[in-house]
Peer 1: 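Quick one: this structure, given as C-alpha cells, is what I'll be asking you about.
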Amino acid sequence: MKKTIDLVNEVMELGFDREYALEGIDASLDNEVGFENRKPLMEEEISDELYENILEGFREEAEA
C-alpha cells in the first residue's frame, strides 16, 4: 500500500502542477474506489497496482 500524497508528489515531479495532479488522481480514485470510500489525502492509502496504473497514465501523458 502506498499513500496518495506520494502519488501526487511523483506526478508533480513529472512536470504537472499540483492542481492538475490532484484533479486527475481524484477522478481516477473516485472511479476505482468510489467517492464515498475515500479518505483525506494525507491518510489515504491505495494498492501498489492502482498507484502504478495511475502514475503510468501520467507518464504517458508527459511523453505525449
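Numbers here are sequence positions counted from 1. The model shown is predicted, which means the values in this text are computed figures rather than measured ones. In what follows, every heavy atom counts, from backbone to side chain, and hydrogens, waters and symmetry copies are set aside.
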Peer 1: Would you name the heavy atoms of A62 and L14 that are closest together and state the gap between them?
Peer 2: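 Scanning both residues completely, I find the closest heavy atoms to be CB-O, 4.3 Å.
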
Peer 1: How about Y20 and V11: do any of their side-chain heavy atoms sit closer than 4.5 Å?
Peer 2: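 Of all side-chain heavy-atom pairs linking V11 with Y20, none is under 4.5 Å.
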
Peer 1: Once rounded to the nearest 0.5 Å, what's the spacing between atom CD1 of I25 and atom CG of D30?
Peer 2: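 If we round to the nearest 0.5 Å, I25:CD1 and D30:CG are 11.5 Å apart.
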
Peer 1: List the atom of L29, the atom of E44, and the distance in Å for their closest heavy-atom pair.
Peer 2: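 L29 and E44 have their closest heavy atoms at CD1-OE1, 3.5 Å.
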
Peer 1: Rounded to the nearest 0.5 Å, how far apart are CG of L7 and CD of E45?
Peer 2: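 Rounded to the nearest 0.5 Å, the CG-CD separation comes out at 13.0 Å.
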
Peer 1: Taking all non-hydrogen atoms of both residues, which atom of A21 and which atom of M12 are closest, and how far apart?
Peer 2: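 Minimum heavy-atom separation between A21 and M12: CB-CG, 4.3 Å.
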
Peer 1: State whether the number of non-hydrogen atoms from other residues, nucleotides or ligands found under 6.0 Å of M42 atom CE is greater than 12.
Peer 2: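 No - once you tally the heavy atoms of other residues, nucleotides and ligands closer than 6.0 Å, there are 12 at most.
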
Peer 1: In Å, rounded to the nearest 0.5 Å, how long is the span from CG of N9 to OG1 of T4?
Peer 2: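 It is 11.0 Å, given to the nearest 0.5 Å.
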
Peer 1: Y51 and side-chain hydrogen bond (donor to acceptor under 3.5 Å, both in side chains): which single residue from E10, K2, E56 fits?
Peer 2: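 With Y51 as partner, E10, K2, E56 yield a single side-chain hydrogen bond (donor to acceptor under 3.5 Å, both in side chains), made by E10.
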
Peer 1: Just verifying a value: how many Å separate S28 OG and L50 CG, rounded to the nearest 0.5 Å?
Peer 2: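 Between S28 OG and L50 CG, I get 7.5 Å after rounding to 0.5 Å.
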
Peer 1: Answer whether the closest heavy-atom distance between the side chains of L41 and L22 falls below 4.5 Å.
Peer 2: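 Yes - at least one pair of side-chain heavy atoms lies under 4.5 Å apart.
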
Peer 1: Roughly how far, to the nearest 0.5 Å, is CD1 of I54 from CD of E32?
Peer 2: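 The distance works out to 7.0 Å.
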
Peer 1: Using side-chain heavy atoms (C-beta onward) and a distance below 4.5 Å, is R38 in contact with D26?
Peer 2: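 Touching, per the 4.5 Å side-chain cut-off.
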
Peer 1: CD/E60 to CG/L55 distance, rounded to the nearest 0.5 angstrom?
Peer 2: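 E60 atom CD to L55 atom CG measures 10.5 Å (nearest 0.5 Å).
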
